Amino acid sequence: MNIQTEHRQPTTGTTAYDKVYYPGHVYGHTHPNHLAAIATVYGMQPAAVERCRVLELGCGVGGNLLPMAFQYPDSEFIGIDLSGATIERGQRNIAALGLSNIKLLHCDIMDVDAAFGQFDYIIAHGVFHGYPRTCARR
């Protein structure tokens with residue numbers, strides 16, 4: 001894991017988003033295999049999913065990333081979410097499964113910077129509906 005993201009401190013406090021539990025789901029259209037297939041159709045040469053880095057913005061409890069991390073132990077998965085409560089729940093799930101190739105971080109997507117490193121696949125589904133209009137204009 002990238003040491004800079006592994007020890008990143010939360011940059012947000014409790015938010016209204018912490019009060020509503022969003023159950024984790026698998027979104028097949030975001031799986032690196034699916035994304036790689038589409039990229040190949042369009043003439044790209046995507047990274048091998050067996051050894052790739054994946055970032056998910058708005059990962060919640062990690063319901064989408066956890067199965068990927070389990071399936072591809074040689075890949076690295078990082079999820080971020082604004083809700084500290086969901087990140088804590090997801091971290092407990094990671095510990096229970098004994099996965100070492102996935103990290104869930106409590107931070108704002110606006111805090112993603114070069115310190116996170118480069119990713120082969122970036123997933124963002126259902127994220128922007130929760131951000132104020134001012135963030136969308138940046």
Side-chain angles (χ1 to χ4, degrees):
M1 287 282 155
N2 178 332
I3 193 75
Q4 293 172 334
T5 56
E6 201 168 343
H7 299 292
R8 185 174 288 267
Q9 295 296 313
T11 57
T12 60
T14 302
T15 67
Y17 184 41
D18 287 301
K19 296 177 184 176
V20 178
Y21 173 67
Y22 291 94
H25 296 286
V26 172
Y27 299 95
H29 62 279
T30 69
H31 193 286
N33 257 342
H34 180 77
L35 300 175
I38 292 171
T40 300
V41 166
Y42 283 98
M44 299 172 73
Q45 296 177 340
V49 296
E50 295 82 7
R51 292 189 180 278
C52 65
R53 285 192 85 222
V54 178
L55 171 66
E56 183 172 26
L57 305 174
C59 67
V61 296
N64 193 40
L65 284 183
L66 281 165
M68 295 177 201
F70 187 81
Q71 183 178 12
Y72 297 113
D74 293 326
S75 292
E76 180 182 0
F77 300 87
I78 297 176
I80 64 167
D81 201 283
L82 189 59
S83 170
T86 28
I87 290 296
E88 286 177 23
R89 184 174 284 160
Q91 289 170 340
R92 287 194 301 269
N93 293 338
I94 290 168
L97 291 168
L99 297 173
S100 61
N101 63 333
I102 179 171
K103 297 287 182 198
L104 301 182
L105 306 171
H106 176 214
C107 66
D108 190 305
I109 63 173
M110 301 303 286
D111 295 331
V112 175
D113 57 22
F116 277 76
Q118 294 186 353
F119 293 91
D120 300 301
Y121 301 95
I122 299 175
I123 303 166
H125 58 87
V127 172
F128 295 107
H129 70 277
Y131 272 79
R133 233 173 248 239
T134 55
C135 289
R137 293 182 187 153
R138 282 190 187 182

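Predicted model, so just to flag it, every value in this text is computed and none were measured. Just so you know, residue 1 is the first one in the sequence shown, and it goes up from there.
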Considering all heavy atoms, the nearest [X]-[Y] contact:
X      : Y      : answer
Arg89  : Val61  : CD-CG1, 3.9 Å
Cys59  : Leu104 : SG-CD2, 3.7 Å
Pro67  : Val26  : CG-CG2, 3.8 Å
Ile123 : Val54  : CD1-CG1, 3.7 Å

query = Would you say Thr86's side chain and Gly60's backbone share a donor-acceptor pair under 3.5 angstrom?
reply = no

A side-chain contact here means heavy atoms from C-beta on lying under 4.5 Å apart; do [X] and [Y] qualify?
X     : Y     : value
Leu66 : Asn93 : yes
Ile80 : Leu57 : yes
Ser75 : Met68 : no
Asn64 : His31 : no

request  = Can you run down the salt bridge (charged side-chain N to carboxylate O under 4.0 Å, His left out) pairs that involve residues 55-75, sequence neighbours left out, and say none if there aren't any?
outcome  = Arg51-Asp74

All N/O donor-acceptor pairs, side-chain side in residues 36-50, below 3.5 Å, sequence neighbours left out:
unit_1 : atom_1 : unit_2 : atom_2 : d
Thr40  : OG1    : Ala36  : O      : 2.8

query = Sequence neighbours excluded, which residues qualify as side chain to side chain donor-acceptor pair (under 3.5 Å) partners of Glu88?
reply = none

key: Set of side chain to side chain donor-acceptor pair (under 3.5 Å) partners for Asn33, sequence neighbours left out   = Tyr72

task = List the steps, then state whether side chain to side chain contact (heavy atoms under 4.5 Å, CB included) holds for Glu76 with Ile78.
result = CA-CA 7 Å; Glu76 180 182 0; Ile78 297 176; 3.8 Å; yes

Listed partners of Ala69 passing side-chain contact (heavy atoms from CB on, under 4.5 Å), at least two apart = Phe77, Leu99, Asn101, Ile102

Ring geometry between His125 and His29 (parallel below 30°, tilted from 30 to 60°, perpendicular above 60°) = perpendicular

ILVMFWY network linking Ile87 to Leu97, side-chain heavy atoms under 4.5 angstrom = yes

message = Assigning hydrophobic clusters by single linkage (Ile, Leu, Val, Met, Phe, Trp, Tyr; side-chain heavy-atom cutoff under 4.5 Å), is Phe116 placed with Ile122?
response = yes

remark   = Residues at least two apart in sequence or cross-chain that pass ring-ring contact (aromatic ring centres under 6.0 Å, His included) with Phe70, listed by chain then number, are none

